Amino acid sequence: MNFWYHMYGEDVGTMNLIIRTDTDNTTIWTRTGSQGNSWKQGMRTIRSQDPYVIVIEAIIGSFVRPVIALDDIEIYEDECPHPVACNFEADFCEWTSTGWILQLGKGSIPSKDHTTDTETGRYAALNEETGTLISPDYNYTKNEYCLNFWYFLEGDRNTGLKVQRVEQTAPDMATVVWADVAEPNHRGQWMHSRASIENLLSGDYNIVILGNKANASTAVAVDDVAIEDGACPPYGSCNFERDFCTWRNMKPPISSGLQWIRNSGSIVSSNTGPKIDHTTGSAAGWYIYMDGNYGRQGQTAVLESENLHYSPQACFKYWYHMYGWGSGSLQVSYVNHSDSKIYDVMKITGSQGNNWYPVKRLVKGLPSTYRIRFIGIKGWSGDLALDDILIQDDTCDEPQITTPPPTETPPTDWDCDFEAGDFCTWLNGRWLESPGWTKSSGVSERTHGRPDHERQCLGPIRILRSCQWYR
């Protein structure tokens, strides 16, 4: 089943795709909250041994002007394509599984999948002490790809997950490109991350997801795996042109119910937000914002990063837009992964003007693993917006780009810049040498005087008189 949907606005509500039989209702797809001011594609393979009815359910939230729309529903008598993505709802999507099973959320850890956020959703769960998920033999036509995935870890530090690049002819020579371990005495949660898979054109490679756990009381799970063209952006960085990258809105009690919303152009409900993004400088570019016309004063929207390992110091860079009377505050903090303590970095309060402004802050004493939070605190009115988040290891200095010196071309007998008042070794046929006009004299419409190329000022230029250029 293929369809297009549109969900936009703070607390816009929920949309569900339900398979209804005589004995059961099963939610196989769901989305909650704003998905951005654009049409999105939904796709799901339906499997049932019994006759069924497809129910598309929309539950309106408390947003003042909710917008949930549906278009272009198509049903095919075949599976949905999954060449580079897998949500594990139906199968392993051609990934080779050893030690992993497809698991329902109900009665398990985790209790919900990531795709549907329901107990009836499925994910890949590690069922043995160690296990591998090996990617299909994709036709790699580029040298770099980005593995985008969600994962869940709960247990001690012997519970972990790795992403490896493995050459098919040398499976024992695996290159680890990403790794994480569980934090003791902490409940697990679905986390988003990416891993760059590079140098794929130098051989035949597979992507291997390797899980390990100490005992049956610990949990390792993976969901919503996708392979995208190009290298991944730096960890923790995002320009919001495509999605939220690895950043996510936090639910209560961490936030008080407000959300950061991805948007392009002007904000529908406000005149105080940006009209263009910072990345592209156009209304077609994307940014995120917290709606100042929704909620109560003091309510918060919390945006949290993936686990980051830039330590012991890193530079937090981002662009913000805060405009309008009573715009509220923007607070930046980080959370120590090992003990969940929160450390404040900085806070900006009140209207700053109708422009995008940069922030660059070197933060020292960072723990080995942490998550950054951008906390929007609602004022009386006015919107908060963010764009181009970049977390840079160790320093705030701009990367040094080495420009090679220009190639020196040896002079020839045919070179001429016409500055000496003659034609050098060139023969003058129908060309007329004409001095450029000064700024005070204006520019002749007849000679079309303009700055010469060499000096970029008004100097001698050449015009062609009585000659057919076009032949």
Side-chain angles (χ1 to χ4, degrees), residues 5-15 30-38 40 59 61-63 66-68 110 112-118 121 148-152 187-194 223-224 235-264 267-270 273 277 286-296 298-308 318 320-321 328-335 340 342 370-378 383-389 391:
Y5 66 97
H6 191 290
M7 299 175 65
Y8 177 66
E10 178 75 49
D11 193 23
V12 66
T14 300
M15 187 175 178
T30 188
R31 291 291 183 274
T32 298
S34 179
Q35 305 297 310
N37 192 14
S38 64
K40 304 286 186 181
I59 304 171
S62 58
F63 187 54
V67 178
I68 299 180
K112 296 180 180 180
D113 75 330
H114 174 262
T115 309
T116 69
D117 194 32
T118 66
N148 195 335
F149 61 99
W150 289 79
Y151 69 102
F152 182 100
R187 293 184 61 184
Q189 56 183 327
W190 283 110
M191 298 293 295
H192 191 188
S193 195
R194 290 174 171 175
D223 206 357
D224 292 328
Y235 292 115
S237 301
C238 193
N239 61 17
F240 304 102
E241 292 303 310
R242 179 171 179 172
D243 52 27
F244 276 85
C245 306
T246 55
W247 293 80
R248 58 179 180 155
N249 275 300
M250 302 302 291
K251 298 178 181 179
I254 295 177
S255 74
S256 57
L258 300 185
Q259 290 189 336
W260 291 92
I261 301 171
R262 186 168 163 267
N263 189 62
S264 63
I267 298 172
V268 175
S269 61
S270 169
D277 78 329
W286 292 81
Y287 58 90
I288 62 171
Y289 78 98
M290 189 187 79
D291 195 337
N293 294 314
Y294 182 84
R296 302 182 306 274
Q299 280 190 284
T300 59
V302 180
L303 186 74
E304 187 176 88
S305 73
E306 62 186 309
N307 283 334
L308 300 175
Y318 59 94
Y320 72 95
H321 188 289
S329 300
L330 177 63
Q331 182 171 313
V332 182
S333 307
Y334 67 88
V335 183
S340 297
I342 301 173
Y370 57 94
R371 297 182 301 279
I372 299 172
R373 288 178 178 174
F374 285 91
I375 305 168
I377 305 171
K378 178 178 164 40
D383 303 303
L384 311 181
L386 283 172
D387 204 0
D388 291 329
I389 299 173
I391 311 302

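Quick note: numbers below take in every heavy atom, side chains included, and nothing from hydrogens, waters or symmetry partners. A quick note: this is a predicted structure, and the numbers were derived from the prediction, not measured.
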What I'd like to find out is whether the side chain of Leu386 reaches to under 4.5 Å of the side chain of Leu330, using heavy atoms alone. yes
Within the side chain of Asp383, is there an N or O that forms a donor-acceptor pair under 3.5 Å with the backbone of Gly292? yes
NE2 of His321 to CD1 of Ile267, rounded to nearest 0.5 Å, is 8.5 Å
Within-4.5 Å side-chain heavy-atom neighbours: Tyr370 and Ser305: no
Close side-chain approach of Arg187 and Gln189, heavy atoms under 4.5 Å: no
So, taking the atom named CD in Glu304 and the one named OH in Tyr334, what distance separates them when rounded to the nearest 0.5 Å? 14.0 Å
N/O donor-acceptor pair under 3.5 Å between Asp223 side chain and Thr115 backbone: yes
Tyr151 versus Ser193, closest heavy-atom pair with distance: CE2-CB, 3.9 Å
Sidechain-backbone polar pair: Glu306 side chain, Gly236 backbone, donor-acceptor under 3.5 Å: yes
Please assess Arg248 against Leu303 for the test side chain to side chain contact (heavy atoms under 4.5 Å, CB included), listing each intermediate value before the final yes or no. CA-CA 6 Å; Arg248 58 179 180 155; Leu303 186 74; 5.8 Å; no
Ser256 and Arg296, any side-chain heavy atoms less than 4.5 Å apart: no
Could you pull out the closest heavy-atom pair between Ile377 and Gln331, with the gap in Å? CD1-OE1, 4.2 Å
Sorted by chain and residue number, the side-chain contact (heavy atoms from CB on, under 4.5 Å) partners of Thr32 (sequence neighbours excluded) come out as Thr14, Thr30
Taking the side chain as everything from C-beta on, heavy atoms only, tell me whether Tyr5 gets closer than 4.5 Å to Ile68. no
Once you round to the nearest 0.5 Å, how far does OG1 of Thr116 lie from CG of Asp224? 9.0 Å
Working to the nearest 0.5 angstrom, can you tell me the gap between Arg262 CZ and Arg242 CZ? 10.0 Å
Taking atom NZ as the centre, does Lys251 end up with more than 12 heavy-atom neighbours from other residues, nucleotides or ligands that are less than 6.0 angstrom away? no
His114 pairs by ring-ring contact (aromatic ring centres under 6.0 Å, His included) with which of Phe152, Phe149, Trp150? Trp150
Verify, without hydrogens or angle tests, whether Thr246 (side chain) and His192 (backbone) share a donor-acceptor contact under 3.5 angstrom. no
Asp117 vs Trp190 side-chain heavy atoms within contact, under 4.5 Å: no
With heavy-atom distances below 4.5 Å as the criterion, would you say the side chains of Thr300 and Leu258 are in contact? no
Option passing ring-ring contact (aromatic ring centres under 6.0 Å, His included) with Phe374 (candidates Trp247, Tyr320, Trp260): Trp247
Please round to the nearest 0.5 Å and tell me the distance separating atom CG of Asp388 and atom CG of Asp277. 7.0 Å
Rounded to the nearest 0.5 angstrom, the CD1-CG distance for Ile288 and Asp387 is 8.0 Å
Residues at least two apart in sequence or cross-chain that pass side-chain contact (heavy atoms from CB on, under 4.5 Å) with Ile254, listed by chain then number, are Met250, Val302, Arg373
Run the side chain to side chain contact (heavy atoms under 4.5 Å, CB included) test on Asn263 and Phe240 for me, step by step, so that the C-alpha distance in whole Å, both residues' side-chain angles and the decisive distance to 0.1 Å come before the verdict. CA-CA 9 Å; Asn263 189 62; Phe240 304 102; over 6 Å; no
Determine, step by step, whether Ile391 and Tyr235 satisfy the side chain to side chain contact (heavy atoms under 4.5 Å, CB included) criterion, reporting the C-alpha distance in whole Å, the side-chain angles of both residues, the deciding distance to 0.1 Å, and the verdict. CA-CA 7 Å; Ile391 311 302; Tyr235 292 115; over 6 Å; no
Within the 4.5 Å heavy-atom criterion, are Ile375 and Ser333 side-chain neighbours or not? yes
